[in-house]
Amino acid sequence: MSDFASDVEKGTSHSVSVSEILAVRELDVDGGTKDGRWQKMPQKLTEAYPYAFTVSYVERARQHRWRCSDVTFHCSEGALCQQWIQTIREQLTALTNRPKHLLVYINPYGGKQQGKCIYEQKVAPLFACASISTDVIVTENANHARDHLKTEAELKKYDGVVCVGGDGMFSEIVHGLVSRTQRDNGVDQNSLEEKLVPCTLRIGIIPAGSTDCICYATVGINDPVTSALHVIVGDSQPMDVCSVHHNNTFLRYSVSLLGYGFYGDVLADSERKRWMGPARYDFSGFKTFLTHHHYEGAVSFLPATDTLGTPRDKTRCRAGCFICQHDGQLYSGDSPEESKTAPDVSDREYEMGWGVVRGKFLAINAASMSCACPRSPKGLSPAAHLADGTTDLILVRKCSRFNFLRHLLRHTSKDDQFDMTFVEVHRVRRFRFTPRHCQNDSELDLRENGKQLFSQICRDHPACSCSPAYSSWNCDGEILPHAAIEVGVHCQLIKLFARGIEEQPLFEDLANPPCAL
Ligand SMILES: CCCCCCCCCCCCC/C=C/[C@@H](O)[C@H](CO)NC(=O)CCCCCCCCCCCCCCC
Ligand SMILES: Nc1ncnc2c1ncn2[C@@H]1O[C@H](COP(=O)(O)OP(=O)(O)OP(=O)(O)O)[C@@H](O)[C@H]1O
Ligand SMILES: [Ca+2]
């Protein structure tokens with residue numbers, strides 16, 4: 001290496017794994033790169049080493065943030081410089097997991113309405129630097145991306161689909177891709193017993209929404225540059241998907257939260273206040289907390305008795321998670337065949353052993369992943385796993401406002417939100433909810449009439465303590481049209497351009513090195 005000088009200070013060594021190199025580009029002797037970028041170089045250096053190339057690579061910063069950094073190598077011989085560039089390019093080409101052509105959907109109205117600007121300023125230049133070509137669609141209405149993926153998109157052309165937006169936009173992509181995959185494979189989504197076919201295309205999320213909880217749980221932060229870099233290096237994170245049915249009819253898919261009672265009411269109220277932006281959830285949350293409605297019904301569930309983890313574990317789902325690598329299964333040997341026997345919702349042997357809980361509930365939540373977000377850094381179910389084939393069913397029984405507030409507050413501290421007499425949590429593969437007053441198919445009419453009646457009464461008598469008979473299900477931020485639902489978890493149905501949250505203790509130490517004498 002004596003013919004080279006790097007612009008990394010002499011004496012410090014720095015190694016970057018090829019898998020985290022984003023691109024390599026040649027520099028002109030005058031300091032300009034062949035791709036038009038310009039870089040200032042000291043004159044002495046250019047005289048001694050007139051040839052140079054720059055390597056762009058992933059650098060880790062605080063709180064799971066990734067940044068694109070450059071290091072330039074100067075060289076005295078042109079042929080040697082070319083050889084290095086060529087070799088690095090060959091190494092990068094050999095990385096087959098990296099996407100080359102992506103389909104990008106931008107929601108211009110999500111979150112703070114910054115989607116387009118975020119993509120153009122922060123993400124597109126990185127994709128270009130990594131030689132990724134894109135077809136970009138700015139959505140014109142809700143469900144544009146879902147319907148395009150479902151029916152029109154020429155999926156064979158792409159190595160992945162990227163959405164710029166929030167959890168709602170991600171949900172559109174999931175619905176489009178999963179439905180398309182089932183249709184192409186002749187699978188009927190209406191049957192809860194059918195084993196769904198996993199999607200082959202990976203999904204990237206460039207966060208530009210209000211909650212971005214999928215990004216938090218899969219990357220550790222909602223930062224557009226970090227997410228773009230995870231796409232470029234071709235990361236892959238499998239994820240469970242819940243299917244939600246009503247009377248053997250498919251309603252929706254869910255990947256994060258299915259919430260009835262508190263979170264359903266917060267969402268229903270907040271939808272009318274979209275103009276407030278992300279603050280609508282805090283406003284409606286406060287209002288819903290004060291109304292303190294409870295709902296009566298029965299929850300039946302199939303516990304995941306054969307699973308490796310529990311919702312009260314201290315360990316967390318992190319990059320390379322052992323539990324997710326084994327589909328959450330307890331298995332006795334190392335044979336790959338054995339580890340592939342993950343039960344899906346279609347397995348009949350699991351028909352036995354259902355549990356039932358009846359009562360009055362303030363909230364019924366099913367968290368398929370932690371649902372960590374800035375409002376609750378550890379999430380609704382801190383020990384939930386991204387890809388173990390289960391969801392954590394959290395039942396919060398009717399209790400005083402004071403106790404419910406204590407429970408909510410624990411989502412923001414280290415204290416255990418499940419360690420309360422009125423809260424129970426079960427790790428399940430499947431569950432059903434039947435509201436108390438639901439007896440026949442006219443539930444929806446009853447629900448709508450009942451809701452209107454009660455909301456009228458409560459508007460007229462704001463201080464009254466009556467609770468309406470029905471709440472709504474919050475399904476990843478969308479309201480479901482039915483209260484009675486049946487839910488099944490489909491293990492690892494989709495894959496994201498992510499790797500799970502990386503443990504970071506080493507970085508924190510390096511960033512604040514101890515003083516040397
Ligand atoms: C006292 C403070 C307690 C704070 C407790 C906060 C717990 C927050 C847990 C958030 C869980 C988010 C789950 C993610 C669901 C997403 O699929 C979905 C789509 O993006 N987002 C929402 O539905 C958006 C749901 C947003 C829900 C926000 C709830 C805010 C509650 C505020 C309660 C205030 C009580 C104050 C009493 C003085
Ligand atoms: N062009 C559009 N016009 C109106 N709505 C759209 C458009 N494109 C997408 N949508 C819808 O906007 C909804 C909200 O978008 P998105 O998820 O990006 O932001 P958000 O709701 O602010 O964030 P979060 O879901 O994280 O809370 C989605 O459900 C999506 O279906
Ligand atoms: Ca899960």
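Here, residue 1 is the first one in the sequence, and each next residue gets the next number. Each ligand, and each atom within it, is numbered from 1 in the order the structure gives.
Salt-bridge formation is not detected for the pair E296/K398: no Lys NZ or Arg NE/NH1/NH2 atom is positioned less than 4.0 Å from an Asp or Glu carboxylate oxygen. Here R430 pairs with E193 in a salt bridge; the nearest charged N to carboxylate O distance falls below 4.0 Å. Between D415 and R406 there is no salt bridge, since no side-chain N of the basic residue sits under 4.0 Å from a carboxylate O of the acidic one. Salt-bridge formation is detected for the pair K287/D269: a Lys NZ or Arg NE/NH1/NH2 atom is positioned less than 4.0 Å from an Asp or Glu carboxylate oxygen. Salt bridge D223/R67: present, at least one basic N to carboxylate O contact under 4.0 Å. The pair D416-K378 fails the salt-bridge criterion, with no side-chain N (NZ, NE, NH1 or NH2) lying under 4.0 Å from an Asp/Glu carboxylate O.
Residues of the protein with a heavy atom under 4.0 Å from ligand 2 are N107, P108, Y109, G110, G111, T139, E140, N141, A142, G165, G166, D167, G168, M169, E172, G209, S210, T211, D212, R274, R280, Y281, E478, listed by chain and number.
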Put together the list of close N/O pairs, under 3.5 Å, between ligand 1 and the protein, could you?
unit_1	atom_1	unit_2	atom_2	d
ligand 1	17 (O)	S256	OG	2.9
ligand 1	20 (O)	D167	OD2	2.7
ligand 1	20 (O)	T211	OG1	3.3
ligand 1	23 (O)	N474	ND2	2.8

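Side-chain contact check for I494 versus Q237: every heavy-atom pair is 4.5 Å or farther apart.
Among residues at least two apart or in separate chains, salt bridge (Lys or Arg N to Asp or Glu O under 4.0 Å) pairs with a member in residues 235-245 are D235-R499.
By the 6.0 Å contact criterion, CZ on F289 is enclosed, its count of non-hydrogen atoms from other residues, nucleotides or ligands being greater than 12.
Two rings, from H101 and Y158, have their centers less than 6.0 Å apart. Note: Y470 and Y295 fail the aromatic proximity criterion, with ring centroids not under 6.0 Å apart.
Taking 3.0 Å as the limit, the number of protein N, O or S atoms around the Ca ion (ligand 3) is 5.
Here the NZ atom belonging to K156 is positioned 8.0 Å from the CD atom belonging to E154, to the nearest 0.5 angstrom. Interatomic distance, OH of Y119 versus SG of C163, reported as 12.0 Å (0.5 Å rounding).
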